[in-house]
Engineer: 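The following block contains the structure, expressed as structure tokens.
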Amino acid sequence: MVEVLVLGVLAVAAASFGGALAGRPAEPFREAARLLTTQWRVTARADVLLTRIGVVSLPVAAALAALVVPFGDRVAVGTRVGVVWFNAMEVVAWGSVWLAGWGVNSAFGLVGGYRFLAQGLAYELPHMFALVTAALAAHSLDLRAIGQAQDGLWFAVWMPVAFVVYLVSAAAMAFWGPFDHPVGADVAGGVLAELSGPDRLVFLAGRYGLLAVASAVAVPLFLGGGAGPLLPAWLWSLLKTCAVLALLVWTRRRVPVLRMDRAMTAAWTVLIPASVLQMLVVAIVVV
Amino acid sequence: MRGTVEAVAFWVLAAAAVGAGVAVFVVDSMARATFALLASFLCVGGELLLIDLHYLGVLIVLMMIMEMLVMAVFMVMYMMNPAGLMPMTMLHNRRGALAISGGAFAALAAGVFTVPWPEREGRPPRDPTVALGEAIMGPKMLVMMVIGVAILATMIATVVLSAHRGRYDRDRDGGEAAR
């Protein structure tokens with residue numbers, strides 16, 4: 001269970017780091033305190049139940065995904081299908097975003113929710129291919145086994161395309177940085193437009209949680225798991241996770257939001273073929 | 001002890017699956033119906049996890065979430081009222097549907113009691129997922145794999161072709177139409 005807590009702390013650290021890059025490291029905490037004390041805003045004829053389910057399911061999914069993330073050899077729930085479970089929990093975000101956008105009965109929220117779903121497959125397919133490529137090379141869907149299969153040579157080194165596709169699609173699955181159309185400024189915050197108070201806080205926290213988990217899973221998938229000199233394995237896992245997470249947070253400030261149609265075209269015509277080709281190369285090498 | 005816990009979990013999930021299934025036809029909102037159906041499927045995924053079909057159970061969770069959400073897009077796309085936001089009933093042709101579903105239930109229930117179920121032979125396989133795959137596909141594994149890739153290629157090609165001229169019509173006039 002401590003793994004889940006660590007990833008929660010990392011999610012908070014990521015928010016703080018994002019604030020620090022903007023020159024205000026305490027901003028997320030101040031914002032959290034403000035959201036906890038502001039009045040709840042309720043839209044007319046909202047579907048409160050569905051909105052609540054959507055908001056709460058986002059951090060819950062991130063926590064459930066964290067159960068299968070190995071730190072060194074430690075893992076909260078040792079399962080042989082960790083990769084599939086992680087991906088299933090990531091896809092819960094589709095439901096969360098759509099429910100939160102739909103439930104508030106507001107046009108902008110609705111548009112934001114539909115944007116995420118409409119783009120979903122374009123990012124989920126290359127994401128799955130990247131996951132499968134690492135699993136294929138290790139002959140296992142177990143995240144621990146995949147991490148251990150990389151002694152000497154990290155998967156990020158000999159399947160760089162899959163690694164890059166993983167990072168890009170993981171950011172997109174957490175509607176992060178260049179892919180944050182569902183909460184885009186051009187639709188007044190989209191899904192976030194009508195979320196107020198604790199609802200908004202929980203939803204945003206879940207998004208950071210999703211980002212932290214995706215960073216942590218990149219370590220056993222592509223960065224050799226807990227392998228490294230001198231330090232214990234769990235510490236190496238933690239350090240590598242922090243590095244990936246910091247990269248994703250930093251990217252958000254450096255890369256502008258991509259126009260939706262261009263992002264989609266790139267996903268279908270570049271990401272998917274590239275990840276399939278990478279999988280083909282890996283399959284030929286290992287089989 | 002473990003057996004008791006599993007038995008309780010089985011019945012709780014089974015009741016929840018049926019309850020959520022009933023809710024699909026009781027609620028008056030398309031969105032609620034969609035997610036009630038999804039909840040029912042997730043309970044079924046949980047049942048598979050209980051009988052140690054871990055891969056298939058988790059796969060059902062993954063695929064059903066994706067499938068129901070994609071369905072939500074199409075459902076609203078073809079709705080008569082704007083965005084499907086108006087309350088509506090899920091029940092049509094009540095008499096006929098009741099007769100058909102009652103008949104189907106009676107037939108299945110009769111099957112449960114009249115079919116001579118075989119005695120259990122041997123022990124559960126070490127990897128039930130592999131055993132199930134062999135039982136379903138067996139010597140046709142290569143065919144299934146080729147068909148799988150062909151279906152995926154068709155899906156991607158269809159999307160790419162149908163999205164040739166997108167909403168912003170960028171291909172026609174060099175990207176100026178959006179502005």
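Quick note on labels: first sequence line is chain A, next is B, and so on, each numbered from 1. No hydrogens, no waters, no symmetry mates; every other heavy atom, side chains included, goes into these values.
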Engineer: Going through the distances and angles, do B:Met66 and A:Leu121 end up as a side-chain contact (heavy atoms from CB on, under 4.5 Å)?
Structural biologist: CA-CA 9 Å; B:Met66 293 176 66; A:Leu121 273 187; 3.8 Å; yes
Engineer: Where on A:Glu124 is there a heavy atom nearer than 4.5 Å to chain B: the side chain, the backbone, both, or neither?
Structural biologist: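 Answer is side chain: those atoms of A:Glu124 sit under 4.5 Å from chain B.
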Engineer: Using heavy-atom distances under 4.5 Å, tell me whether B:Leu152 contacts chain A through its side chain, its backbone, both, or neither.
Structural biologist: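 For B:Leu152, side-chain heavy atoms alone lie under 4.5 Å from chain A.
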Engineer: What heavy-atom pair brings A:Ala88 and B:Ile65 nearest, and what distance separates the two atoms?
Structural biologist: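 Nearest heavy atoms, A:Ala88 then B:Ile65: O-CD1, 4.0 Å.
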Engineer: Working to the nearest 0.5 angstrom, can you tell me the gap between B:Met155 CE and A:Ile272 CD1?
Structural biologist: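 The distance works out to 8.5 Å.
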Engineer: Apply side-chain contact (heavy atoms from CB on, under 4.5 Å) to residues B:Met63 and A:Val91 and explain how you reach the verdict.
Structural biologist: CA-CA 9 Å; B:Met63 298 311 288; A:Val91 175; over 6 Å; no
Engineer: Would you mind telling me which of B:Val58, B:Leu62, B:Leu59 makes a side-chain contact (heavy atoms from CB on, under 4.5 Å) with A:Asn87?
Structural biologist: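 When B:Val58, B:Leu62, B:Leu59 are each tested with A:Asn87, the side-chain contact (heavy atoms from CB on, under 4.5 Å) holds only for B:Leu62.
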Engineer: Tell me whether A:Arg74 at atom CZ has more than 12 heavy atoms from other residues, nucleotides or ligands lying less than 6.0 Å away.
Structural biologist: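 Open.
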Engineer: Would you say that more than 12 heavy atoms from the other residues, nucleotides or ligands in this model lie under 6.0 Å from the CE of B:Met144, or not?
Structural biologist: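 No - once you tally the heavy atoms of other residues, nucleotides and ligands closer than 6.0 Å, there are 12 at most.
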Engineer: How close do B:Val70 and A:Trp94 get, counting heavy atoms only, and between which atoms?
Structural biologist: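 Heavy atoms of B:Val70 and A:Trp94 come nearest at CG2-CZ3, 4.2 Å.
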Engineer: What part of A:Trp98 gets within 4.5 angstrom of chain B, counting heavy atoms only: side chain, backbone, both, or neither?
Structural biologist: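 The side chain, not the backbone.
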Engineer: If you look at every heavy atom in A:Leu50 and B:Ala31, which pair is closest and at what distance?
Structural biologist: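 The answer is CD1-CB, 3.7 Å.
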Engineer: Select one option (side chain, backbone, both, neither) describing which atoms of B:Phe35 are under 4.5 Å from chain A's heavy atoms.
Structural biologist: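 For B:Phe35, the contact with chain A is made by the side chain alone.
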Engineer: Does any backbone or side-chain atom of A:Met264 lie under 4.5 Å from a heavy atom of chain B? Answer side chain, backbone, both or neither.
Structural biologist: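 Interface part for A:Met264: neither.
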